[in-house]
Each structure stands twice: as structure tokens, then as C-alpha cells.
Amino acid sequence: QRILTDLVKPRVNTFLKACGLELNESKTLTVPIKKGLDFLGYNFRIYPYRKRQTKFIGLTKPTKSGVKRLLSKCKEVIKTSKSAGEIVFK
């Protein structure tokens with residue numbers, strides 16, 4: 001936690017300031033990567049994996065809510081598009 005506040009956050013702030021941006025402290029959440037985090041419909045997490053030298057593998061998976069959103073949008077497009085609906089239901 002101390003490494004994050006002393007080393008990482010100042011470097012991120014410096015990078016963002018060069019782009020004309022800033023880090024919003026009230027919205028910034030720090031979580032252990034082993035617990036994972038959900039961001040823009042995806043879950044980022046490190047899982048144990050014995051076959052690698054590091055014993056961990058980083059995976060990005062779509063969240064369940066993200067998959068449901070995508071499927072509902074696909075259903076809506078199919079229902080509203082007559083030609084696509086004819087292809088699917090024949």
C-alpha cells in the first residue's frame with residue numbers, strides 16, 4: 001500500500017498531467033489484483049497457474065452483466081431488423 005502511494009500514484013499523476021488530465025482521488029479505488037476489478041464490462045484478475053514460472057496468469061474476462069448487456073443489444077437488433085430476423089428464424 002505504501003509503495004502505491006509513494007511511488008506509483010505520483011508517476012501516474014505526472015503522466016496524466018502531461019496529457020492535461022488529473023487523477024480523481026475520490027473516484028480512485030485501489031484493490032488487490034488477486035481479488036480482481038470490474039472495468040468497462042470486463043473483469044481483470046490474476047489466477048493461480050502452476051504451469052508458469054511465475055505461478056500466476058493474468059486474465060481478462062467479460063463480466064456477467066456485460067455479457068447480458070451484449071446479448072440484449074443483439075436481440076434488439078435482430079428483432080428490429082427484418083432481414084436479420086428472417087435469416088435467424090428460417
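Computation of the quantities below employed the complete heavy-atom set of this structure, encompassing side-chain atoms and omitting hydrogens, waters and symmetry-equivalent molecules.
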Legend entry - Shortest non-hydrogen contact between N13 and E25, atoms and distance: ND2-OE2, 4.4 Å
Inset, instruction - Compare every heavy atom of N43 with every heavy atom of T63, then report the nearest pair and how far apart it is. - result: CG2-N, 3.8 Å
Rounded distance (nearest 0.5 Å) linking atom [atom1] of [X] with atom [atom2] of [Y]:
X: T28; Y: K9; atom1: OG1; atom2: NZ; result: 6.0 Å
X: S65; Y: K68; atom1: OG; atom2: NZ; result: 8.0 Å
X: L16; Y: L23; atom1: CG; atom2: CG; result: 6.0 Å

Legend entry - V77 reachable from L70 in the ILVMFWY side-chain graph, under 4.5 Å edges: no
Legend entry - Single-linkage hydrophobic cluster F15~V8, side-chain heavy atoms < 4.5 angstrom: yes
Inset, instruction - Could you tell me whether K61 sits above the aromatic face of F44, with NZ or CZ closer than 6.0 angstrom to the six-membered ring centre and within 45 degrees of the axis? - result: no
Legend entry - Cluster companions of L71 among Ile, Leu, Val, Met, Phe, Trp, Tyr (side-chain spacing under 4.5 Å): V67
Inset, instruction - Decide yes or no for K34 and F56: does some side-chain heavy atom of the first lie under 4.5 Å from some side-chain heavy atom of the second? - result: yes
